[in-house]
Amino acid sequence: MERYDPIKIEEKWQARWESEKPFKATEKSDAPKMFLAEMFPYPSGAGLHVGHVRNFTIVDVLSRFYAQQRLNVMRPFGYDTFGLPAENYAIKTGTSPQSATKVNIDNFRKQAKRLGYAIDWDREINTSDPAYYKWTQWCFLQLFKKGLAYQKESYQWWCPVDQTVLANEQVENGCCWRCGHEVEKKKMKQWFFKITEYADELLDEVDALDWPEKIKTMQKNWIGRSKGSIVNFAVKDTQQEIKVFTTRVDTIFGATFIVLAPEHPMISELVNDNTREKVAEYCKNAIKKSEIERQENKEKTGVFTGAYAINPLTGEEMPIWVADYVLMGYGEGAVMAVPAHDERDFDFAQKFDLKVKKVIEKPENSDDDSACYHGEGVLVNSGQFSGTASEDAREQINAWLGERGIGSPKTTYKMRDWLISRQRYWGCPIPIAYDKDGNPHAIPEDQLPVMIPEVEDYKPDNTGRSALAKCKDWLKVTIDGEEMTRETDTLDGYACSSWYLWRYASPHDDNYAWNPEAIKYWEPVDVYVGADHAVAHLLYVRFWCKFFADQGFLPFREPIKKLIYHGYINAPDGKKMSKSKGNVIDPLDVINDGYGADTLRTYEMFIGPVELDAAWDPRSVGGVYRFLNRCWSLCFADAKKAEPVQTAQARHKTIKKVTEDIYRCNFNTAVAALMEYVNELYKVGVSNDDLVALAKLLKPFAPHLASEMLEKLGADDEWPTWDDKHLVSDTVEIVVQVNGKLRAKLSVPAEDIEDEEKIKSLALENEKVKKFVSGEPKKVIFVKKAKLVNIVA
RNA sequence: GCCCCGGUGGCGGAAUUGGUAUACGCGUUCGACUUAAAAUCGAAUGGAGAAAUCCAUAUGAGUUCAAGUCUCAUCCGGGGCACCA
């Protein structure tokens, strides 16, 4: 007898999908559009891993589900090919990034096709294709024209191994996100995108998004808005002022000293002959210190400058110190220290024996007994403001400072501007050239793309510049008759991925980055699926969207309606899969072991709740294979027959459950419901209606097998609907509890559910129930919705 | 340290609005088929007990006719932030 042969079935359908292109998306449709995408992969040399499969299969299940509901679905595909991993891989394998990328893309495409994804392959994009990065450069120029791409000299994170600067988002615990090496601080002139311009909008609009709360919280924390005040402190015996940022201006009477960050530009003017050397030494060491060293040593260090500021409220002198616990990048790089009500200032005051002055009385009911109370309270020792609640005092003191022109309310953000220069070869060249005086000029749009020159040796060479600097001819460019020199930095790869979702709408358009008509039809993305980049990529696309909406290029301000953020798949031992541990599961091995793509896909949907990490279990893969095998047998072997009416309830119940579960992205329970249904059909028999319904419901998960079944049955794949009338049976089961404990089950005719008195008396007459009820019950509760009677005895 | 989310059989996990705890899968055990094995099919499977029954959703209290679900406290695990003034 013939047996379930997934390899043969899958080959047949994949060949058909390849030639017939059933997933081609066009704008010509009366049906509502549905645009789904995964976070496009970096095509590594290792090929697809099981995490990719989970990611792509979620998108595929939804794509097929909506397509079966006859929505106009677009599900494109692309490759994120620029960047360090690709360049480092090419270095390691001794090839060029160009050819390594081509090989890896071909492999990824082949493997994605082997998984049977419903992708419109005519919408394939690749960020290192000149036809693509021409438009990345165009995007850069739009930001440049509006002043949102600018250069600034400042201390930046520098990775000595990868020999490039990194954005804040790419530094994790003081280490490079790519190689894990500790990063250093280096003062350099670099390109930035002014994302802070959109800080408020990025923060305020995040709440309304249909995204996981976890991601929304991370974005809010990252933006880190805090409302406070700027206060100018006059430096004694000079005309100078030190600006500080504080969220607690109400504690200003308790501000007994000032602390500056070691990078603060005023330090050299504040020191005197006695302190100059010591302060310079301290600053030099502090600036050199790595972020990790600064974090590890929480013991406060600092040095006195010799200068004093005047507290404008008390008139008292405040010594001005320098300490590395104050960060230059936040606020004004200077703080007014209130040791009585701030733990860090308190530690510092203790160590250096500085004055502590209490100015906030904590409420009597407060259980905060820390050395320095940092909550709200009533002001004391605060002149005319004593007795005022701290919240009100902030406003009053702000007003007092404002009248005298020495302070004002101010909002600050933790988020910094996005550093986008990279001193590496394999990236999108920044379309800028410099004149003789070093001023940057845009490369005219008709000269785009600025192509990456092909070079023999593209490795970083310790010059702090990319290999583009070595291409003497390439460097020369003439703009408006003037000879200029090209920028040799390339763009952070995140720039390339900040607009690719819009390119999908018109992937081959030569006249536009994104065609306005196509954008209007397809965008924004309805469902976006990924497992990474919670703040970086997902914040950058929102930033670019708002910017390009402001320029009139996009008719929406949020690029992604719904975000699904799925968990990782770990090794069977629960640990992260990694080559070095040798515990990597190769999805292609699973397929070629004879399980096939349908089993792999369905297993990864069944593995657990979509948002949670899950451990790979090879035995459960077998369980899913057995399930598909049973589906096959019902359709192609001699299965026990049943009349449609016998199985109607199970069928409609399953249709409802699977439909609702897919809408909720509860893929694991959707598959479980299908398994339950098949178990039921094995028991009572199967009708043609059941096979058609089963195949249709199965298709998003196991499209090859389902297509094979539908072909044999002569049915289309339109998503089935359920009728509530089939969900009720002639008799209903009533649960009887005594004091909340299950004691009996009654079977009553369906129409009796309306007769509360009858059901209550049936319950009380039940022999099993009687055993637990002596005398008159205190109370009898009937819950129709739960089909339950509870007797309180 | 602060914020958020969890803790359910031997394992992964169900339980959607406070209403039958343990769906589905794995594993285990038994049986059928087979010379045998694999595959497949069927049955059983939270714990204790001969049974009636009792006890079980981290622990302890509480609210309720009814709690895995709500409240409080404690313990444990995971994630995020972390010298951000």
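Basis for what follows: all heavy atoms, side chains included, without hydrogens, waters or symmetry-related copies. All chains are named by letter (A, B, ...) in the order of the sequence lines, taking the proteins before the strands, and each is independently numbered beginning at 1.
- At a threshold of 4.0 angstrom between heavy atoms, the contacts of A:Lys785 include nucleobase atoms, whether or not backbone atoms are also involved.
- A straight line from NE2 of A:His264 to C1' of B:A85 spans 13 Å, rounded to a whole angstrom.
- Across all strands shown, B:G1 forms a Watson-Crick or G-U wobble pair, both distances under 3.5 Å, with B:C81.
- Relative to the ring axis of A:Trp211, A:Lys562 does not place its NZ or CZ within 45° and under 6.0 Å from the centre.
- The side chain of A:Asn221 places no N or O atom within less than 4.0 Å of a non-bridging phosphate oxygen (OP1 or OP2) of B:C4.
- Base-pair partner of B:U35: not found among the strands shown (Watson-Crick or G-U wobble, both distances under 3.5 Å).
- Among the nucleotides B:C65, B:G19, B:A14, the one closest to the side chain of A:Lys779 is B:C65.
- Rounded to a whole angstrom, the distance from the C1' atom of B:G7 to that of B:A58 is 6 Å.
- Both A:Lys745 and A:Phe245 sit near RNA chain B, but only A:Lys745 has its closest nucleotide nearer the 5' end.
- Across all strands shown, B:U53 is found opposite B:A48 as a Watson-Crick or G-U wobble partner, with both distances under 3.5 Å.
- Residue A:Arg626 has no polar side-chain atom (N or O) positioned under 4.0 Å from OP1 or OP2 of B:A39.
- Glycosidic conformation, B:G47: anti, with the torsion outside 90° of 0.
- Between the CD1 atom of A:Ile791 and the P atom of B:A66 there is a distance of 14 Å, rounded to whole Å.
- For B:U71 and B:U16, the C1' atoms lie 23 Å apart once the distance is rounded to whole Å.
- Comparing the P positions of B:U28 and B:G77 gives a spacing of 31 Å, expressed to the nearest Å.
- Put simply, A:Lys771 has a side-chain N or O that comes within less than 4.0 Å of OP1 or OP2 on B:U53.
- Comparing A:Val792 and A:Arg664 by the nucleotide of RNA chain B that holds the closest heavy atom to each, the one mapping nearer the 5' end is A:Arg664.
- Within the structure, a side-chain polar atom (N or O) of A:Arg743 is placed less than 4.0 Å from OP1 or OP2 of B:C54.
- Distances shown here put a side-chain N or O of A:Arg630 below 4.0 Å from the OP1 or OP2 atom of B:G42.
- Out of B:C65, B:G19, B:U20, the shortest distance to the side chain of A:Leu742 is found at B:U20.
- In this structure, A:Thr412 reaches neither bases nor backbone, as no heavy-atom distance under 4.0 Å exists between it and the strands shown.
- Pairing for B:G42 goes to B:C30, judged as Watson-Crick or G-U wobble with the two contacts each under 3.5 Å.
- Rounded to whole angstrom, the span from the OH atom of A:Tyr330 across to the P atom of B:A82 amounts to 12 Å.
- Nucleotides B:A21 and B:C76, compared at atom P, are 32 Å apart to the nearest Å.
- Comparing the C1' positions of B:G25 and B:U45 gives an interatomic distance of 14 Å, to the nearest angstrom.
- Residue A:Asp690 is tested with A:Leu634, A:Leu681, A:Val678 for a side-chain contact (heavy atoms from CB on, under 4.5 Å); the sole match is A:Leu681.
- Look at the P atom in both B:C4 and B:A73: the space between them is 12 Å, to the nearest Å.
- For the residue pair A:Thr301 and A:Glu299, no side-chain donor N or O sits within less than 3.5 Å of a side-chain acceptor on the partner.
- For A:Phe772, taking side-chain heavy atoms from C-beta onward, the closest of the listed nucleotides B:C24, B:U53, B:G80 is B:U53.
- When distances are taken from the side chain of A:Glu676 to each of B:A85, B:A23, B:U17, the shortest belongs to B:A23.
- An OP1 or OP2 oxygen of B:G13 is reached within less than 4.0 angstrom by no side-chain nitrogen or oxygen of A:Thr669.
- In this structure, A:Asp347 atom CG and B:A85 atom C1' are separated by 14 Å, rounded to whole Å.
- If you check every strand for non-hydrogen atoms under 4.0 Å, A:Ile607 touches sugar and phosphate atoms only.
- Remark: B:A23 base-pairs with no nucleotide; criterion is Watson-Crick or G-U wobble with both hydrogen-bond distances under 3.5 Å.
- For the pair A:Lys300 and A:Tyr325, the distance from NZ or CZ to the six-membered ring centre is under 6.0 Å and the angle to the ring normal is within 45 degrees.
- Looking at A:Lys653 and A:Glu680, no side-chain N of the basic residue comes within less than 4.0 Å of a carboxylate O on the acidic one, giving no salt bridge.
- Ring geometry for A:Tyr330 versus A:Phe245: interplanar angle over 60°, hence perpendicular rather than tilted (30 to 60°).
- The shortest distance between the side-chain N/O atoms of A:Lys214 and the OP1/OP2 oxygens of B:G79 is not below 4.0 Å.
- Across all strands shown, A:Gly331 has no heavy atoms under 4.0 Å from either base or sugar-phosphate atoms.
- The partner of B:C75 is B:G7, by the rule that a Watson-Crick or G-U pair needs both atom distances under 3.5 Å.
- The CZ atom of A:Phe627 sits 12 Å away from the P atom of B:C26 (whole-angstrom rounding).
- Atom CD in A:Glu611 sits roughly 8 Å away from atom P in B:A14 (whole-Å rounding).
- With a cut-off of 3.5 Å on both Watson-Crick or G-U wobble distances, the partner of B:U63 is given as none.
- For B:C26 and B:G80, the P atoms lie 34 Å apart once the distance is rounded to whole Å.
- When the side-chain nitrogen and oxygen atoms of A:Tyr325 are compared with OP1 and OP2 of B:A85, none of them lie within a distance under 4.0 Å.
- Using a 4.0 Å heavy-atom distance criterion, A:Glu660 is classed as making no nucleic acid contact.
- Taking atom CH2 on A:Trp222 and atom P on B:G80, their separation rounds to 13 Å, with Å as the unit.
- Annotation: B:G78 and B:C83 have their C1' atoms spaced 25 Å apart (nearest Å).
- Checking B:C26, B:A85, B:C24 against the side-chain heavy atoms of A:Ala672 singles out B:C24 as nearest.
- Look at CG on A:Leu746: it is 20 Å from P on B:G19, rounded to the nearest Å.
- Each of B:A85, B:G13, B:G12 was ranked by its minimum atom distance to the side chain of A:Phe606; first place goes to B:G12.
- Counting atom types as modelled, A:Lys657 pairs a side-chain N or O with a base atom of B:U16 as donor and acceptor under 3.5 Å.
- A:Asp207 and A:Lys216 are not joined by a salt bridge, as no carboxylate oxygen comes within less than 4.0 angstrom of a charged side-chain nitrogen.
- Ring centroid separation for the pair A:Trp616 and A:Tyr603 comes in under the 6.0 Å cut-off.
- Proximity note for A:Asn668 (side chain, C-beta onward) versus B:C26, B:A14, B:U17: the nearest is B:A14.
- Each of A:Phe606, A:Phe667, A:Phe65 was checked for a side-chain contact (heavy atoms from CB on, under 4.5 Å) with A:Phe701, and the lone residue meeting it is A:Phe667.
- Look at B:G18: it lacks any Watson-Crick or wobble partner with both distances under 3.5 angstrom.
- The side chain of A:Thr246 has B:A85 as its nearest neighbour among B:A85, B:G19, B:G13.
- Ring to ring, A:Phe348 and A:Phe257 are close: their centroids are under 6.0 angstrom apart.
- The side chain of A:Asn679 lies closest to B:G25 when the candidates are B:A66, B:G25, B:C81.
- Taking every side-chain heavy atom of A:Arg3 into account, B:A39 is the closest of B:C26, B:A85, B:A39.
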